[in-house]
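Protein chains get the first letters and strands the later ones, always in sequence-line order, with residue 1 at the start of each.
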Amino acid sequence: MGFALFSTAQFALAARDALQHLVFDAESKSVLHAEMAKKNLFVKRGIVGDSNAYDQSKRLRTGGDCTHSVYSPSPFHPPPPQVWGPPHGYLSPAAPPYDPYGGYHAPPVPMPPSAPIAAPSSYVPVQNVKDNPPCNTLFIGNLGENINEEELRSLLSAQPGFKQMKVLRQERHTVCFIEFEDVNSATNVHHNLQGAVIPSSGSVGMRIQYPF
DNA sequence: AGCACA
C-alpha cells in the first residue's frame with residue numbers, strides 16, 4: 001500500500017480514475033485499487049498559489065472558476081516547509097487541545113455518490129479524448145442530430161452543482177455548455193456522464209470535455 | 001470534430 005500526493009485534488013481524482021482497476025500483474029491477475037486518502041499529510045490553507053503561470057485572458061469565461069486550478073509545466077509542487085503548532089507554550093496547562101489542522105476544518109469532499117442522481121439509460125464507451133484543464137464548465141459534443149433539448153436539460157440540471165446550460169445548435173452538430181457551481185461538481189459529472197446515452201440522440205454516447 | 005456567454 002502506498003500514498004501519493006498531488007498538487008490539487010483534481011489531479012488526485014484524475015490519477016485515481018486513471019489507475020483504478022489497472023491490472024499490474026497479468027499472471028496473478030492482480031488489479032490495482034485506488035482511492036482518495038481520508039486525510040492529507042499536508043493541508044493547504046488559503047488561496048492556492050498564484051496563477052500567473054498561464055494566460056488568464058482566455059479563462060475568464062463562465063464564472064471564471066477555471067482559474068482555481070493552477071497549471072505549470074511540472075504538475076508537482078513540493079509543499080512549502082510547514083511549522084507545526086505555536087513556537088512556545090503549547091504544553092502549558094491552559095493551552096487548548098492541539099489541533100494538527102490548525103483550525104482548518106476541511107469542507108466535506110463531495111465524493112461521487114455510488115448511484116448518480118439522474119442515471120442515464122445507458123453508456124457507450126468514449127475513446128481516448130484530448131481534453132483541456134479542469135474547469136467549472138463542461139463542453140458536451142457528440143449529441144446526435146435530433147437531440148431533444150429538454151431531455152438533455154433534465155439529465156444535466158439534476159446533477160449536483162448545476163448552474164446553467166447553453167445549447168449551440170448547428171447544421172449537423174449540436175453541442176452544449178454546462179456551468180457548475182465549482183470545478184469539483186463539473187469534474188464529477190465529467191466522468192459520471194462520459195459516454196452517457198440520451199434516448200433522443202439515438203445510440204451515441206455524449207462526449208464530455210472541458211472547454212478550450 | 002463540432003467550443004458560447006460574459
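A:F212 has its CZ atom 9 Å from the C1' atom of B:dG2, to the nearest Å. B:dA6 atom P lies 10 Å from atom CD of A:Q164, rounded to whole Å. Counting to the nearest Å, the C1' atom of B:dG2 and the CG atom of A:L143 are 10 Å from each other. B:dG2 atom P lies 20 Å from atom OH of A:Y210, rounded to whole Å. Atoms CZ (A:F177) and P (B:dA4) sit 5 Å apart, rounded to a whole Å. For the pair A:L138 CG and B:dC5 P, the interatomic distance rounds to 18 Å; values are reported in whole Å. Going from atom NE2 of A:H173 over to atom P of B:dC3 covers 10 Å, rounded to whole Å. Taking atom CG of A:D131 as the reference point, atom P of B:dA1 lies 13 Å away to the nearest angstrom.
A centroid separation of less than 6.0 Å is found between the aromatic rings of A:F139 and A:F177.
If you check the side chains of A:T137 and A:E179, you find no donor sitting under 3.5 Å from an acceptor.
Side-chain atoms of A:R207 and base atoms of B:dG2 include a donor and an acceptor less than 3.5 Å apart.
By the side chain to side chain contact (heavy atoms under 4.5 Å, CB included) test, A:R169 is found to be paired with A:I147, A:E149, A:V167, A:T174, residues two or more places apart in sequence or in another chain being considered. Residues forming a side-chain hydrogen bond (donor to acceptor under 3.5 Å, both in side chains) with A:H173 (at least two apart in sequence, or on another chain): none.
At a threshold of 4.0 angstrom between heavy atoms, the contacts of A:Q209 include nucleobase atoms, whether or not backbone atoms are also involved.
Mapped onto DNA chain B by nearest heavy atom, A:K166 and A:T174 fall at different nucleotides, with A:T174 at the one closer to the 5' end.
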